[in-house]
Amino acid sequence: MKSSRTHNALINSSVLAVLQVLTILLRFVTQTIFIHYLGKKYLGLNGLFLNIINILGFADLGIDTSIVYALYKPLAEHDEEKVTALMNLFRRAYNVIGLVVAGVGIILLPFLPYLIKDYHAVSHIPMYYLLYLANAVVSYFFTYKRSLLIADQQEYVSSLNQFNFTLLQTVFQAAVLFVFKAYSLYLWVAIICTLLSNLRISRKVDKQYPYLAKHKHERVSHEEFISIRNNVAGMIGARIGSVVVRSTDNLLLSTFAGLAVVGIYSNYLLIVNSVVSVLTKLVSSVTASIGNLIVEREDQDVRRVYLDHFMINFFLVTLTAGCLLTAFNTFIQLWAGPNYVLPTVTVAVIVINYFVDMLRQTSITFVSAYGLFVPNGKKSVFEAIINLALSLFLLVGCHLGIAGVLLGTTLTNLLVNSWFEPWMIYSRGFRSQRQRFKRFYFRTYWVNMVFMLVVLFLINWGITWLDQMLHFNLVIQLVFNLAVMVLSLLIVLTVVYGRAPSYQYMWNLVKKFRKII
């Protein structure tokens, strides 16, 4: 069973990461054409709509996460009736959620002029917003069956389907921008591809799990419904925190700075989110395997897996943060042009925020695997209040712009999330391991984070000095800077952590992955 879990985890992580990289390349193609034909303000409008839709996504209240967690045990026990009952509940819930998102989204329509500082700079904003909303609403229908694949450690099947339709969407969106330069047609293509993708995966799941049709009238028990309801109640707070922390940046910038600033920041956000999506797929795609491990009560292994997971995530975050720090502005200048480049200080804040936020991924993965939704939800309410207050103060009161919004998020992560999430796992997940939390938090988390951030900026300072001496053109400078940063970090990581069990474990996983492919 352990071998099966490792195999499934490696398959999920590797396939999802590759597909995510390919998807990112497609997004860059689309955004490049978008910038060329529509410009900063439409780019900012697109980023604002994305934030609004993410906020409306609060409507699902974490039902997806709660039901995926509920599916772990019946899937492990091959309880087809219970799996079907949960999926039937999921279907009804998502149909209602789609209607709620549509209703609330339409109610927000009259408030758009107050959310966009330069509202009249772009024509037909209400129509564009309704099309964007339609795409979000369509995404809630038929997509619930993806969760069964995720819980059954086959998330890569769903991702393959999504990639195929993302490729199709990219081709047609590029075509309509090139031929018609029409944002409305761009949005219509997204709606059609989303619907086709959901219908396709729905049929695939029906074929792979024929018992879903056989037991289509099954219902969850009252006790199971109460358990899911309690988990959903806990996820409400988590959703609030996630929405406020991750989905209000463009909203605040649009309200107080304007669409052009949002457009410039959107390019940096695309790059950061692209890296985040790849790493998240790598480190969180094993959630179902960890859930299976917990269900089978192999408690003695779970803490070791948590520590290994954290350190592997730390190594990956360090390498990617270094690449972002040294290559950000050079890449943006080559890709979008010098008018889209942000100040060096702002870039540094973006990277620090990325580094601190991504260190949470291990804890987030284990919170989901253990089903610790209720205590995490309570924490997230405080997280949301603190983040919004800090971001508003630093943006409006201190006039720090993009840097202020991101510093608010960074400080929130350090003050709230960095200690509460691992403490919750040690005290409620590992239970008998509570006394080891302080050692993890102060010695493993803080020491490694501060040390590596100092190393990153020292290496980057040295690279900047070399750039001034060598005067490369932008393409050679980009390649040179990335090569020096990666090589320097690999040397530091090997020297400092080479004998650590987690470092050795990471390379063992790489060897196993090579055997699989």
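These values consider heavy atoms only, across backbone and side chains, with no hydrogens, waters or symmetry-generated copies.
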**Note, F163 side chain near L26 side chain (heavy atom, < 4.5 Å)** = yes
**Request:** Output the distance between atom CZ (F49) and atom CG (N135), rounded to the nearest 0.5 Å.
**Result:** 12.5 Å
**Message:** Before we go on, tell me: are the rings of F28 and W335 under 6.0 Å apart, centre to centre?
**Reply:** yes
**Asked** Could you state the interatomic distance from CD1 (I402) to CG (L395), rounded to the nearest 0.5 Å?
**Response** 9.5 Å
**Message:** As a quick check of understanding, evaluate side chain to side chain contact (heavy atoms under 4.5 Å, CB included) for T318 and M449, giving each step before the final call.
**Reply:** CA-CA 9 Å; T318 297; M449 179 184 68; over 6 Å; no
**Asked** Looking just at side-chain N and O atoms, do T409 and N387 make a donor-acceptor pair shorter than 3.5 Å?
**Response** yes
**Prompt:** With a 4.5 Å limit on heavy-atom distance, are the side chains of H309 and F366 in contact?
**Reply:** yes
**Message:** If the condition is side chain to side chain contact (heavy atoms under 4.5 Å, CB included), which residues does A336 pass it with, not counting sequence neighbours?
**Reply:** I35, N267, Y340
**Item:** C323 SG to F331 CZ distance, which is reported to the nearest 0.5 Å
**Value:** 12.5 Å
**Message:** The criterion is side chain to side chain contact (heavy atoms under 4.5 Å, CB included); which residues satisfy it with V447, sequence neighbours excluded?
**Reply:** none
**Prompt:** Does the separation of the ring centres of W423 and Y426 fall below 6.0 angstrom?
**Reply:** no
**Message:** Suppose we screen for side chain to side chain donor-acceptor pair (under 3.5 Å). Which residues come up paired with Y268, at least two apart in sequence or across chains?
**Reply:** N329
**Complete:** To the nearest 0.5 Å, atom CG of L478 lies from atom CZ of F328 at 12.0 Å
List the atom pairs, with distances to 0.1 Å, where a side-chain N or O of residues 487-499 and a protein N or O form a donor-acceptor pair under 3.5 Å, not counting sequence neighbours.
unit_1	atom_1	unit_2	atom_2	d
S488	OG	V484	O	2.7
T494	OG1	L490	O	2.7
T494	OG1	Y503	OH	2.9
Y497	OH	N448	OD1	2.6

**Item:** side-chain hydrogen bond (donor to acceptor under 3.5 Å, both in side chains) partners of residues 388-397, not counting sequence neighbours, each pair once
**Value:** none
**Item:** Straight-line distance of T330 OG1 to Q477 CD, nearest 0.5 Å
**Value:** 4.0 Å
Under 3.5 Å, which donor-acceptor pairs do the side chains of residues 453-471 form with other protein atoms, sequence neighbours left out?
unit_1	atom_1	unit_2	atom_2	d
T464	OG1	N460	O	2.9
D467	OD2	N481	ND2	2.9
H471	NE2	Q468	O	3.0

**Asked** Tell me, do N46 and S266 make a side-chain contact under 4.5 Å, heavy atoms counted?
**Response** no
**Request:** Sort out for me which residue in L474, V479, N473 forms a side-chain contact (heavy atoms from CB on, under 4.5 Å) with I476.
**Result:** N473
**Item:** salt bridge (Lys or Arg N to Asp or Glu O under 4.0 Å): pairs with one or both residues in residues 399-423, sequence neighbours excluded
**Value:** R360-E421, K379-E421
**Item:** Residue list, side chain to side chain donor-acceptor pair (under 3.5 Å) with T444, at least two apart or on another chain
**Value:** none
**Message:** Quick one: does any side-chain atom of S277 pair with a main-chain N or O of N273 as donor and acceptor, under 3.5 Å?
**Reply:** yes
**Message:** If you define the side chain from C-beta out and look only at heavy atoms, does anything of L108 sit under 4.5 Å from L112?
**Reply:** no
**Asked** Does T346 use its side chain to pair, donor to acceptor, with the backbone of L342 at less than 3.5 Å?
**Response** no
**Item:** Any donor-acceptor N or O pair under 3.5 Å, side chains T365, Y306
**Value:** no
**Complete:** side chain to side chain donor-acceptor pair (under 3.5 Å) filter on T23, not counting sequence neighbours, yields none
**Prompt:** Out of curiosity, D357 CG to I352 CD1, how far, rounded to the nearest 0.5 Å?
**Reply:** 13.5 Å
**Message:** N339: which residues meet the side chain to side chain contact (heavy atoms under 4.5 Å, CB included) condition with it, sequence neighbours left out?
**Reply:** K40
**Fill in**
The complete set of ring pair (Phe, Tyr, Trp, His ring centres under 6.0 Å) pairs with one or both residues in residues 395-418, sequence neighbours excluded, reads none
**Message:** Using the side chain to side chain contact (heavy atoms under 4.5 Å, CB included) criterion, which residues pair with F442? Sequence neighbours excluded.
**Reply:** K438
**Prompt:** Would a 4.5 Å heavy-atom cut-off, applied to side chains only, mark L279 and M358 as touching?
**Reply:** yes
**Request:** Could you please spell out the steps behind the ring-ring contact (aromatic ring centres under 6.0 Å, His included) verdict for F440 and F310?
**Result:** CA-CA 10 Å; F440 167 81; F310 176 84; 5.1 Å; yes
**Prompt:** Within a strict 4.5 Å, meaning less than it, do heavy atoms of the F437 and S427 side chains meet?
**Reply:** no
